[in-house]
Amino acid sequence: MPRFQRPTGTQDILPEEQPYWNRVRTFAIQLAERAGFERIDVPIFEATELFARGIGTATDVVEKEMYTFEDKGGDSLTLRPEFTAGVVRAYIEHGMHVRPQPVKLYSIGPIFRYDRPQAGRYRQFHQFNLEILGTQDPAADLEIMLLVWDLYEGLGFRGLSFQLNSTGCPRCRPGYVEVLKAYYQQHIAEICDDCRRRLQTNPLRVLDCKAEQCQPIIAAAPAIGDHLCEECADHFATLREYLDLLGKPYTLNHRLVRGLDYYTKTVFEVWAAGIGAQAAVCGGGRYDGLAEILGGPPTPGVGVAAGIERIILVMKAQGVEVPTPPGPLAFIAHLGPEARREGVRLADELRRAGLSVWLAFGERGLKSQMREANKRRARYAVILGEDELARGVAAVRDMGAGEQVEVPLEGLVTWLRERASL
RNA sequence: GUGGGUGUGGCCUAAGGGUUAAGGCACCUGGUUGUGGCCCAGGAGAUUGUGGGUUCGAGUCCCACCACUCACCCCA
């Protein structure tokens, strides 16, 4: 017999981990809906071409990280490596431009990227995603940023930092890239091999190189902020004004470029300590050209993706407590065939009454059943024996206080219900 | 794709090249007739990641593969 293991980079989220997931999911959804976002679920796989066109063929995500396969009909499909392309596709496909604009959408679910796993990185991971489609108002960028800010703050995070930059638009960015390339040509002998390669394939990326020798070059490099067109500069200035107005701290980081082709104007990340080399707990920005690239009407958009695994890592690193789910209200123990039948019936009755009940399985001694009741953290053990049955009662033991009383079977639902709400 | 570290029951850990791989946690059953938590006793559970090699003899040494892990690239 083969012994199976989970595929590399995937994880089993065990019951004891679920409280963390529930906390993050419910809180994120609550914040999104409070801000007027509506949920959209898009397929876990899409046409490969959607991602190739949307994200950009020269990006790492498309070049080497996609789970691509051919289905039996011969179509090339890809497990989604992000939400944005699929959400924008859905916006176009369902003519959502006829709805009141902008449309605010959130999604939550698994994302797939073929990559070498490490701390805070998986091949199947989960994102909480927000998109605002149909407005260029910097206030939309702000809302996106505020929402993730509130998410982290509300979860109890400390030591967060907002990294903010503008990468310009198709009008101003090419000019900046030329300036940057010209500057780097003067220092071509001093930079690392990777940067020489980046200069050809994806020039902006030289700015976030971590090689020692490149640091002085980056520090003195021309900043894109000085080369934005008027529209981009205004947009950026307004966004910063709003952030200042609300007293939200952020770091202007002209080295922040991000790896997806579709970003225009605003880009940002939130960094947190305690999750290894991966500092970013979320990343996002504006993508005003994406809808058109995907064959839809020109539609500005801005969004963010937050990595849930990384959020949970930070929660654990920072000691954020999550409520552990309570044990059952009642644990039903029984002795003898007669009592067992009554136990089965009683468990059903109590559950139908809305009470949480664990019924002991098997034919075992009372000691064993009481041990189990204790381990399952039941509040009350309902003990059914021959004696009790004959008199139409159950012995009910308060597992916390260690006190025991007899309760008539007909009155048990009421008795327990009264105490359930305490 | 590249580099480092690590692989012993479900989990944690022990075993200086030499008998039936040891212990703790967790699990199960008992400790006088039907009562949990503490304690005590017992039980089940491992072909030491896989496959080769060296050796009279390998959990221990060597090689390969696999997995996990950390880091690079990049990203959530």
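So you know, we letter chains A, B, ... as the sequences are listed, proteins then strands, and number each from 1.
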(message) On the nucleotide B:C68, are OP1 or OP2 found under 4.0 Å from the side-chain N or O atoms that A:Thr8 carries?
(response) yes
(message) Protein within reach of the bases, or only the backbone? For nucleotides 69-74 of chain B, mark each nucleotide 5' to 3' as B, S or -, using heavy atoms under 4.0 Å.
(response) BSBBBB
(request) Between A:Thr10 and A:Gly283, just flag the one whose closest nucleotide in RNA chain B comes earlier from the 5' side. (result) A:Thr10
(request) Output yes when A:Arg391 and A:Asp387 qualify as a salt bridge under the 4.0 Å nitrogen-oxygen rule, no when they do not. (result) no
(message) Starting the side chain at C-beta, find the nucleotide from B:A67, B:U29, B:A76 nearest to A:Ser368.
(response) B:U29
(message) Measuring to OP1 and OP2 of B:C27, would you say a side-chain N or O of A:Lys375 lies under 4.0 angstrom away?
(response) yes
(message) OP1 or OP2 of B:U35 versus the side-chain N and O atoms of A:Arg371: is any pair under 4.0 Å?
(response) no
Find every protein N or O atom lying less than 3.5 Å from an N or O atom of nucleotides 5-7 of chain B, and list the pairs.
none

(request) Report yes if the side chains of A:Ile144 and A:Phe268 come closer than 4.5 Å at any heavy-atom pair, otherwise no. (result) yes
(message) Within the 4.0 Å heavy-atom criterion, would you say A:Glu388 contacts the bases, only the backbone, or no part of the nucleic acid?
(response) base
(message) Check this for me: does the side-chain of A:Arg379 come within 3.5 Å of the base of B:G36 through a donor and an acceptor?
(response) no
(request) When you get a sec, tell me which of B:U35, B:A76, B:G34 is the closest nucleotide to the side chain of A:Leu335? (result) B:G34
